[in-house]
Amino acid sequence: MALFSKPPAKKPATPKAVVKPTQGAARPVVSARDIAAQAQGRRGTSSRPRAEPAAEISMAAASLMDMAPAQAPIEVGASSPGLCAVLENAALLFASGQTQPARALLEEGVAADHDARSSVLAWLSLFDVLQSQGDRAAFDDLALRFVVQFERSPPPWDERDAGAAGAGARVKATPGGIAVITGKLNATTAPQIEGLRRAIDKGAPVRLDLAQVAGFDDAGARLLAEALAYGRARRVPIALQRGEKLYAALDILLRRGRDAGEGAWLLVLEFLQFERKQEAFDDRAIEYAVAFEQSPPSWEPPPEVRGSAPVDDMTVPSAEDAALGDAAPGDVLAWTGVMAGACAPAMARIAEHATSQSVVVIDMTAVQRVDFVCAGALLNAINRVEAQRRAVQIVGATPIVRALLLLIGISPRHFVRKLP
């Protein structure tokens, strides 16, 4: 018998289970840039993107984004200042000419969507749409809500644009002295004619584009005739462009004599004076006097515009050129109307100006709408100019147009408030 008992044998310790992480299950690194990229890839949906784990989830490798999904919208919003899903979709709708759906989306967004409600640009874009539709009551109601939301003054209602929706477009006098008349020439065209008069009041030569006139009645013909007579009386040079279809329709109508309406006769007489066709004018003036039992109007042609051409002899440029204005004083490129399609002449003008000046300024004050294709073409043009160590500045773009350009990738630094 041993004096000392042997210590009890130790049972071998049960080896601890080693939890091997599933291959590829490490938590992904999520950055605001990554989330913004995902958001750009899913612009067609209203839901915010969430980061997803690379493999199946384990307790050791849970996704941080799944634990705190509310952080995603904040980070995405920071990648594009002022933009949100609602505004992006509304800007695309507006760019394609769907104004009413864009308005409905923005109205619902600023009322119920968190990101849209906190985006000043979304509210300003809605103001812009309401102004373009001439809805003063909705504009004023939104202004009260805007003050409560942001504690700052809302944009003012522009009386000059009131009723422009009935004419189908918003026409403003531009630095380049350009006016475009669209739609049917009738009483509802009065706001567009007023835009022509404001351009005449500047005293500089005016270019009047008539390519988009789709018919006319006696009241509309009289309005345009009076505006042209106003320009002649003020001795302001006016170049009529692409009006051959309107002139041909008027010429056929005049075969009815008095039944054609006095407005049509007056407009033809104005056209003949701007074409400087005195013999044809004298013949028509006598016919007018007989038909309406009035004294024949006198021959008082307007000042000649250098480089202009008669209405029926003009070569017709491409449709893209309708929205392009010449460089205004100070080498500013003035655009107007609807910028749709590749707009090759406009983009070529940007490249041309970049060869002679360090900053190319584009005035979009009179631009009604820019479509997605034109926005992409503008982005490419800006990139080419910057590759030459030049800069591009955009002046006067409306909020919803600015939203589209930001969405397409144009930097906020390109937008300035005033002309240099």
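Basis for what follows: all heavy atoms, side chains included, without hydrogens, waters or symmetry-related copies.
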Pairwise side chain to side chain donor-acceptor pair (under 3.5 Å) hits with a residue in residues 370-389, at least two apart: Glu386-Arg413, Glu386-His414
Partner of Arg369 by side chain to side chain contact (heavy atoms under 4.5 Å, CB included), out of Thr99, Val338, Thr398, Ile400: Val338
Short N-O contact, Asp201 and Arg197, less than 4.0 angstrom: no
Residue that, paired with Leu106, satisfies side chain to side chain contact (heavy atoms under 4.5 Å, CB included) out of Leu126, Asn89, Leu142: Leu126
Could you list the donor-acceptor pairs under 3.5 angstrom formed by side chains in residues 339-346, with sequence neighbours left out?
none

Residue list, salt bridge (Lys or Arg N to Asp or Glu O under 4.0 Å) with Arg103, at least two apart or on another chain: Glu107, Asp135
Sequence-distant partners of Arg258, side-chain contact (heavy atoms from CB on, under 4.5 Å), two or more places apart: Ala291, Phe292
Value rounded to 0.5 Å, distance of CZ in Phe271 from CG in Leu210: 5.5 Å
Side chain to side chain, Ser96 and Phe372, heavy atoms closer than 4.5 Å: no
Spacing of CG belonging to Asp218 relative to CG belonging to Leu223, to within rounding of 0.5 Å: 10.0 Å
Give every donor-acceptor pair under 3.5 Å between a side-chain atom in residues 148-155 and any protein atom, sequence neighbours left out.
residue, atom, partner, partner atom, Å
Gln149, NE2, Arg117, O, 3.1

Ile394 side, atom CD1; Leu378 side, atom CG - distance, nearest 0.5 Å: 5.0 Å
Residue list, side chain to side chain donor-acceptor pair (under 3.5 Å) with Gln273, at least two apart or on another chain: none
Any side-chain heavy-atom pair of Tyr288 and Val268 under 4.5 Å: no
